[in-house]
Amino acid sequence: MTVISLRSADPTGVRTDALIIAVARTGGQVQPMGPGQQVAAALGRSFQAGLTGLGFSGKQGEIAKIPTGGVLKAPLVIAVGVGDGVPVSAEALRRAAGAGVRAVSNAKTVALALPSHDDQEVQAICEGALLGSYRFDVYRSGASAEQVSEAVVITDRNRGRGAKQALATAEVVSQAVLRTRDWVNTPARDLTPQAFAEAVTNVGGKVDVEVWDEKRLATERCGGILGVGQGSANPPRLLQLSYRPRKAVTHIALVGKGITYDSGGLSLKTHAGLMTMKCDMAGAAAVVCATHAIAELGLPVRVSCLAAMAENMPGPTATRPGDVIRIRNGTTVEVLNTDAEGRLVLADALVLAAEAEPDLIVDVATLTGACVVALGGRTGGVMSNDDALRDALPAAAKRAGEALWPLPIPEEMKGKVTSSTVADLRQHNPDTSGGALFAAAFLREFVGDSRWAHLDIAGPAFHDDEPYGYVAKGGTGVGVRTLIRFAQDLTTAS
Ligand code: BES
Ligand code: MN
Ligand code: ZN
């Protein structure tokens with residue numbers, strides 16, 4: 001990860017390969033912000049003329065590279081547009097830092113001269129720089145371009161305890177997000193359930209890990225996880241992580257969908273549908289990494305984290321449409337579409353989570369294409385059996401710079417879930433309207449009286465489009481920042 005330091009300095013005198021500034025558009029004029037004004041002043045008329053010549057308008061994410069010709073200590077200024085939002089939000093700063101760092105090619109060091117009025121903004125800038133400099137190069141042979149190894153964040157808050165804490169928090173949060181991205185980006189050939197379990201075990205830290213293999217899953221009656229995993233040569237796993245701080249104010253359970261590859265099983269996906277399905281363990285990766293971050297931040301929140309890992313493949317031993325499986329709590333489920341596998345592995349994990357009697361349960365899953373249809377590729381859905389929780393999670397997400405939106409679990413879904421002619425529940429509704437909501441109604445059957453919320457991150461977990469802000473192509477690490485922020489909120493509310 002890039003090394004970041006805070007420094008109060010005149011940005012024109014900072015020795016670095018590239019100096020990043022933010023430029024807003026106000027009343028048709030481009031306007032450098034905060035310490036960027038000193039940079040613009042030093043460059044004089046060539047600053048405005050340069051930007052105009054490049055056709056730079058200051059819209060969000062726009063980049064202009066301005067050679068300084070020796071006027072500044074830095075050879076290159078990178079201007080990042082932040083649009084006309086005044087004042088700029090923390091998230092706009094996070095994106096500007098990310099876009100600026102991404103625009104740097106073949107530089108080892110950068111300095112960010114962005115406006116920072118409080119420590120939250122310092123944290124956002126640090127996060128943007130750390131997340132924006134992410135690359136996933138492990139499978140590339142040959143030399144790749146120089147990566148930014150050092151970033152200086154210029155702020156006159158640098159001496160304050162709050163700012164130092166903001167940097168430390170940004171490092172923990174970003175490391176969790178980047179580890180999630182790495183796991184999501186790792187091809188399913190290499191990230192099998194066993195390999196995933198091992199990778200989680202190897203993280204170490206203040207978190208205890210217990211792994212259940214397929215034999216243990218059988219003695220523990222986890223028929224959902226086993227039913228999904230039985231078509232694959234790579235057997236399933238269930239991981240339980242626990243973080244028990246001494247003075248916990250609350251106890252939360254985090255549950256993640258960890259399908260290391262989702263072929264759809266016998267209800268095989270189309271070719272287009274298969275392309276990104278290594279991402280189907282993004283929920284498990286997010287809850288695991290958030291748990292580690294919560295522990296590393298030392299938050300007084302006890303966390304029981306469960307990650308249900310399986311590979312969903314067709315094969316001679318695969319579950320068939322029409323089969324009935326039995327979930328850990330004894331509930332029988334008629335499987336009607338083997339591509340609706342996430343809810344089956346989550347069912348066992350939710351039952352286990354409820355057994356731990358936490359104060360609340362949050363599950364995170366790339367669960368339905370229907371949620372992507374409803375909310376698009378950048379926003380996750382929140383469904384819950386508790387109104388307060390359904391509002392608290394989007395609020396935490398917003399503060400963390402992620403996008404979640406509440407969705408209902410309409411009353412009629414209960415009847416659809418319980419309408420199997422052979423088993424207690426049916427897993428799939430042939431009427432696909434409201435598919436994300438049906439899935440949530442199914443999951444709700446397994447949480448008992450627990451307060452529970454479900455995050456469907458099928459849209460935002462994997463970014464298959466052009467990079468923007470601090471988001472690269474591939475795994476995004478979505479959910480991690482929301483869960484950390486949510487845990488922090490729990491410590492201040494009580
Ligand atoms: N993993 C998919 C959902 C998904 C879709 C994630 C797109 C990321 C991007 C899930 O297991 C799935 O296949 N869901 C089915 C459910 C259907 C069969 C009821 C879907 O959405 O088509
Ligand atoms: Mn599926
Ligand atoms: Zn899936």
Side-chain angles (χ1 to χ4, degrees), residues 180 184-185 188 191 193 196 224-225 227-229 231-232 236 255-286 307-314 318-322 333-347 349 363-381 383 407 413 416-417 419-420 425-443 454-465 473-479:
T180 304
V184 171
N185 289 333
L191 199 91
F196 191 9
I225 297 171
V228 171
S232 169
V255 174
K257 170 180 174 182
I259 300 298
T260 58
Y261 190 71
D262 182 12
S263 70
L266 288 171
S267 313
L268 194 65
K269 287 186 180 294
T270 61
H271 175 255
L274 291 168
M275 298 246 269
T276 58
M277 279 305 131
K278 67 174 180 180
C279 82
D280 215 18
M281 32 56 69
M309 301 170 176
E311 188 177 41
N312 187 25
M313 297 290 265
T319 292
R320 315 147 187 84
V333 175
E334 184 185 9
V335 177
L336 290 164
N337 186 325
T338 61
D339 197 13
E341 81 297 339
R343 62 199 71 177
L344 300 176
V345 301
L346 288 172
D363 79 66
V364 185
T366 47
L367 205 64
T368 66
C371 199
V372 191
V373 172
L375 298 175
R378 296 190 187 182
T379 304
M383 286 140 274
L407 292 173
M413 292 297 168
K416 296 181 196 287
V417 167
S419 69
S420 169
L425 302 178
R426 66 187 301 159
Q427 161 244 23
H428 173 64
N429 185 16
D431 169 10
T432 55
S433 61
L437 320 178
F438 175 89
F442 180 86
L443 296 178
H454 156 61
L455 311 186
D456 191 334
I457 56 163
F462 198 84
H463 184 64
D464 213 11
D465 210 333
K473 263 185 190 282
T476 60
V478 74

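Every number for a ligand or one of its atoms is a count from 1 in the order of the listing.
- Salt bridge annotation for D363-K257: absent, with no cationic side-chain nitrogen under 4.0 angstrom from a carboxylate oxygen.
- Not a single N or O atom of T368, backbone or side chain, sits closer than 3.5 Å to an N or O atom of ligand 1.
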Given F462 and N185, is the side-chain contact (heavy atoms from CB on, under 4.5 Å) satisfied, shown in steps? CA-CA 9 Å; F462 198 84; N185 289 333; 4.1 Å; yes

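- Vertex the Zn ion (ligand 3); arms to E341 atom OE2 and K257 atom NZ; angle 90° (nearest 10°).
- No part of I259 comes within 4.0 Å of ligand 1, judged by heavy-atom distances.
- Note: an N/O pair closer than 3.5 Å links K269 and ligand 1 by distance alone.
- The shortest side-chain heavy-atom distance between S263 and L274 falls under the 4.5 Å cut-off.
- Of all the heavy atoms of K257, the ones lying under 4.0 Å from any atom of ligand 1 belong exclusively to the side chain.
- In terms of heavy atoms, T368 sits closest to G435 at CG2-O, 3.9 Å.
- Applying side chain to side chain contact (heavy atoms under 4.5 Å, CB included) to K416 and the options L437, N429, L425 leaves one that passes, N429.
- Among the backbone and side-chain atoms of D280, an N/O/S atom is found under 2.8 Å from the Zn ion (ligand 3).
- Residue-and-atom listing of protein N/O/S atoms under 2.8 Å from the Mn ion (ligand 2), sorted by chain and number: D262 OD2, D339 O, D339 OD1, E341 OE1.
- Residue R343 places no N or O, backbone or side chain, under 3.5 Å from any N or O of ligand 1.
- Under the 4.0 angstrom criterion, atom 22 (O) of ligand 1 counts as lacking any protein heavy-atom contact.
- Looking at D339 against ligand 1, both its backbone and its side chain come within 4.0 Å, counting heavy atoms.
- With a 4.5 Å cut-off on side-chain heavy atoms, D456 and L407 do not count as touching.
- Residue D262 approaches the Zn ion (ligand 3) most closely through its N/O/S atom OD2.
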